[in-house]
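One structure is given below, encoded as structure tokens.
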Amino acid sequence: QVQLVESGGGLVQAGGSLRLSCAASGRTFSSYTMGWFRQAPGKERTFVAAISRGGSSTYYADSVKGRFTLSRDNAKNTVYLQMISLKPEDTALYYCAARSAPGAAATKSNYDYWGQGTQVTVSS
């Protein structure tokens with residue numbers, strides 16, 4: 001069982017930056033691929049980014065490539081999503097997720113555990 005707690009969301013102007021964190025419980029954090037998804041009001045939850053167990057591989061949605069950077073610190077059981085050049089369309093509830101089995105990084109159903117989410121609001 002893994003519990004995930006996101007933090008770092010907030011209100012920022014367009015062009016600004018935020019860093020989201022996701023802290024995981026348990027001693028097997030390094031065995032999980034970690035991902036971030038987001039959900040805007042009235043829309044489906046969509047893939048943002050994922051990072052492999054050791055952190056050597058990252059995957060990004062086209063909409064955030066070049067602006068978002070995902071990293072992890074396995075010693076601290078934490079993943080970080082650095083977001084720059086934020087746009088109003090980035091406004092959403094951001095969720096951290098973890099999965100232990102192989103599978104496509106962008107597929108929600110491949111993830112076993114989810115956090116409660118942290119709100120990111122980008123004003124124009």
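Note that the coordinates shown come from a computational prediction; the quantities given were computed from them, not determined experimentally. One is the number of the first residue; the rest follow in order along the sequence.
- Using a distance-only test at 3.5 Å, with no hydrogens or angles considered, a donor-acceptor pair links the side chain of E6 to the main chain of Q116.
- Residues passing the ring-ring contact (aromatic ring centres under 6.0 Å, His included) test with F47 are F37, sequence neighbours excluded.
- In terms of the side chain to side chain contact (heavy atoms under 4.5 Å, CB included) criterion, residue partners of S31 (sequence neighbours excluded) are, by chain and number, T28.
- Judged as a side chain to side chain donor-acceptor pair (under 3.5 Å), not a single pair has a partner in residues 76-86 (not counting sequence neighbours).
- Nearest heavy atom pair, residue T91 against residue V122, reads OG1-N, 2.8 Å.
- The minimum heavy-atom distance linking A14 with P88 is given by the pair CB-CD, 4.1 Å.
- Proximity of S63 to R38: side-chain heavy atoms (C-beta onward) are separated by under 4.5 Å at one or more points.
- The backbone N or O of Y95 lies less than 3.5 Å from no partner atom in the side chain of R45, so there is not a single donor-acceptor pair.
- The CE atom of M83 sits 4.5 Å away from the CG atom of L18 when rounded to the nearest 0.5 Å.
- Under the 4.5 Å side-chain heavy-atom criterion for grouping Ile, Leu, Val, Met, Phe, Trp and Tyr, Y59 is not connected to L81 through any hydrophobic cluster.
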Run K87 and D90 through salt bridge (charged side-chain N to carboxylate O under 4.0 Å, His left out) and show every step you take. CA-CA 5 Å; K87 305 174 182 180; D90 293 319; over 6 Å; no
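- Evaluation of the disulfide bond (SG atoms under 2.5 Å apart) test over residues 52-124, restricted to residues two or more places apart or in two chains, returns C22-C96.
- In the hydrophobic cluster analysis, where Ile, Leu, Val, Met, Phe, Trp and Tyr join through side-chain heavy atoms closer than 4.5 angstrom, W36 is grouped together with V12.
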side-chain contact (heavy atoms from CB on, under 4.5 Å) between L86 and Q13: does it pass, once the steps are laid out? CA-CA 8 Å; L86 283 162; Q13 288 188 332; over 6 Å; no
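- In this structure, CD in Q39 is found 7.0 Å from CG in L93, a value given to the nearest 0.5 Å.
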As a quick check of understanding, evaluate side-chain contact (heavy atoms from CB on, under 4.5 Å) for Y60 and I51, giving each step before the final call. CA-CA 9 Å; Y60 298 95; I51 188 166; over 6 Å; no
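- Other residues, nucleotides and ligands contribute only 12 or fewer heavy atoms inside 6.0 Å of the CD atom of Q3.
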Stepwise side-chain contact (heavy atoms from CB on, under 4.5 Å) check, L4 with W114: CA-CA 6 Å; L4 304 173; W114 293 83; 5.6 Å; no
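- When the side chains of ILVMFWY residues are joined at heavy-atom separations under 4.5 Å, either directly or via intervening members, Y113 and L20 end up in a single hydrophobic cluster.
- Screening residues 100-112 for side chain to side chain donor-acceptor pair (under 3.5 Å), with sequence neighbours left out, gives S100-D112.
- The ring-ring contact (aromatic ring centres under 6.0 Å, His included) test applied to Y94 returns no partner, not counting sequence neighbours.
- Counting only distance, with no hydrogens or angles, the side chain of S52 and the backbone of S57 share a donor-acceptor pair below 3.5 Å.
- Judged purely by atom type and a 3.5 angstrom limit, T118 uses its side chain to pair as donor or acceptor with the backbone of G9.
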Could you walk me through whether M34 and R72 pass the side-chain contact (heavy atoms from CB on, under 4.5 Å) test, one step at a time? CA-CA 9 Å; M34 301 298 295; R72 66 189 296 164; 3.7 Å; yes
